[in-house]
**Q** 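Quick one: the structure is below, questions incoming.
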Amino acid sequence: MTSDPSIPAHLTLALGEEVVHVSPWSKGGVVAQVLLLALPLAGLSLLLIAKGGEVLGVGIVFGVLAAITYTLAYLSWQKRLAVVTTRNVLFIAGLSKTVRAIPLEQISQVTVAPGLVTVRTGSILNTLLLRVTDAEVLAEKIEQARQVRT
């Protein structure tokens, strides 16, 4: 287990495995959730509340649903981490704390674009796109860990 406070407590590393780098990441789902679900719910809520009368309660319910949707989307986005270790690249996602581990030996290619890191493990079907603020640093740390591992 590592003592890095940015690493979730439930994450157990293998014996001798150490954290090299931690970076928050996003797949862009928050924007879609907010634009496609939370904002229309909020708009409908305001419309129904403004109309008043019999539909006031329905408007309040839609407003609460919009607030819950927005909050869950935001919290899910805040909980995404890419963790580079001496053996794996770990992708921790969402409130469920789902962890996907990719051994460094399986990574065939790491490419960088502004704010975007692409990690490929074989075919194009095994490609992960990460939106990160420190794309160059994350890609460099993955490559350095791969070099040390091989």
Side-chain angles (χ1 to χ4, degrees), residues 1-47 58-150:
M1 187 78 136
T2 181
S3 61
D4 189 334
S6 63
I7 305 296
H10 75 282
L11 185 64
T12 304
L13 300 177
L15 187 63
E17 187 174 15
E18 296 177 15
V19 173
V20 175
H21 181 73
V22 178
S23 181
W25 66 278
S26 171
K27 289 177 90 172
V30 173
V31 174
Q33 281 182 309
V34 170
L35 291 179
L36 297 177
L37 191 54
L39 285 180
L41 280 173
L44 184 59
S45 170
L46 291 174
L47 181 67
V58 176
I60 292 171
V61 169
F62 280 138
V64 169
L65 287 175
I68 290 171
T69 301
Y70 176 78
T71 302
L72 288 177
Y74 178 76
L75 290 174
S76 172
W77 171 73
Q78 289 291 316
K79 299 289 183 180
R80 292 182 181 190
L81 295 174
V83 180
V84 181
T85 72
T86 52
R87 295 184 184 178
N88 299 297
V89 179
L90 308 171
F91 301 101
I92 304 167
L95 297 173
S96 64
K97 300 177 183 173
T98 303
V99 177
R100 178 177 176 204
I102 300 176
L104 293 171
E105 295 86 10
Q106 291 183 6
I107 296 174
S108 60
Q109 183 181 23
V110 178
T111 56
V112 181
L116 186 69
V117 174
T118 305
V119 178
R120 183 169 290 162
T121 59
S123 74
I124 195 165
L125 298 175
N126 295 327
T127 301
L128 185 61
L129 302 172
L130 303 170
R131 287 187 179 90
V132 293
T133 55
D134 60 347
E136 293 81 15
V137 174
L138 178 60
E140 179 183 326
K141 295 295 184 179
I142 293 171
E143 285 297 340
Q144 287 175 353
R146 285 178 63 207
Q147 297 297 325
V148 170
R149 191 76 180 147
T150 55

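Side-chain atoms are counted along with the backbone in the values below, which use heavy atoms only and exclude waters and symmetry mates.
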**Q** Could you measure the distance from the CG atom of Leu104 to the OG1 atom of Thr85? Nearest 0.5 Å is fine.
**A** 6.0 Å

**Q** For the atom pair CD1 (Ile107) and CD (Gln109), what is the distance rounded to the nearest 0.5 Å?
**A** 11.5 Å

**Q** Holding to side chain to side chain donor-acceptor pair (under 3.5 Å), I want the full list of residues that pass it with Ser45, two or more places apart in sequence or in another chain.
**A**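 If we apply the side chain to side chain donor-acceptor pair (under 3.5 Å) test to Ser45, skipping adjacent residues, there are no hits.
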
**Q** List the atom pairs, donor and acceptor, that lie under 3.5 Å between side-chain atoms in residues 136-144 and the rest of the protein, sequence neighbours left out.
**A**
residue : atom : partner : partner atom : Å
Glu140  : OE2  : Gln144  : NE2          : 3.1
Glu143  : OE1  : Arg146  : NH1          : 3.3
Glu143  : OE2  : Arg146  : NH1          : 3.0

**Q** Taking all non-hydrogen atoms of both residues into account, name the closest pair between Ala145 and Val84 and its distance.
**A**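 So the minimum-distance heavy-atom pair works out to CB-CG1, 3.9 Å.
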
**Q** Would you please name every residue forming a side chain to side chain donor-acceptor pair (under 3.5 Å) with Arg87, sequence neighbours left out?
**A** none

**Q** Return the NE2 to CG distance between His21 and Leu81, rounded to the nearest 0.5 Å.
**A** 10.0 Å

**Q** Tell me the closest heavy-atom pair linking Ala135 and Ala113, and the distance in Å.
**A** CB-O, 3.9 Å

**Q** Under the side chain to side chain contact (heavy atoms under 4.5 Å, CB included) rule, collect the residues that match up with Ala66, sequence neighbours excluded.
**A** Leu41, Ala42

**Q** Let's go through Val148 and Thr86 carefully: what are the C-alpha distance in whole Å and the side-chain angles of both, what is the deciding distance for side-chain contact (heavy atoms from CB on, under 4.5 Å) to 0.1 Å, and is it a yes or a no?
**A** CA-CA 8 Å; Val148 170; Thr86 52; over 6 Å; no

**Q** Report the distance from atom CG of Leu116 to atom CG of Leu130, rounding to the nearest 0.5 Å.
**A** 7.5 Å

**Q** Does Leu46 have any side chain to side chain contact (heavy atoms under 4.5 Å, CB included) partners at least two apart in sequence or in another chain, and if so, which?
**A** none

**Q** Excluding sequence neighbours, so at least two apart, what forms side chain to side chain donor-acceptor pair (under 3.5 Å) with Thr127?
**A** Arg120

**Q** Excluding sequence neighbours, so at least two apart, what forms side chain to side chain contact (heavy atoms under 4.5 Å, CB included) with Val61?
**A**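 Val61 satisfies side chain to side chain contact (heavy atoms under 4.5 Å, CB included) with Leu65 once adjacent residues are dropped.
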
**Q** Compare every heavy atom of Gly122 with every heavy atom of Ser108, then report the nearest pair and how far apart it is.
**A**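 Minimum heavy-atom contact is OG-N, 3.1 Å.
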
**Q** Only counting residues at least two apart or in another chain, list the ones meeting side chain to side chain contact (heavy atoms under 4.5 Å, CB included) with Thr133.
**A** none

**Q** Checking Asn126 now: which residues fulfil side chain to side chain donor-acceptor pair (under 3.5 Å) with it, not counting sequence neighbours?
**A**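 Once residues adjacent in sequence are excluded, Asn126 has no partner under the side chain to side chain donor-acceptor pair (under 3.5 Å) criterion.
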
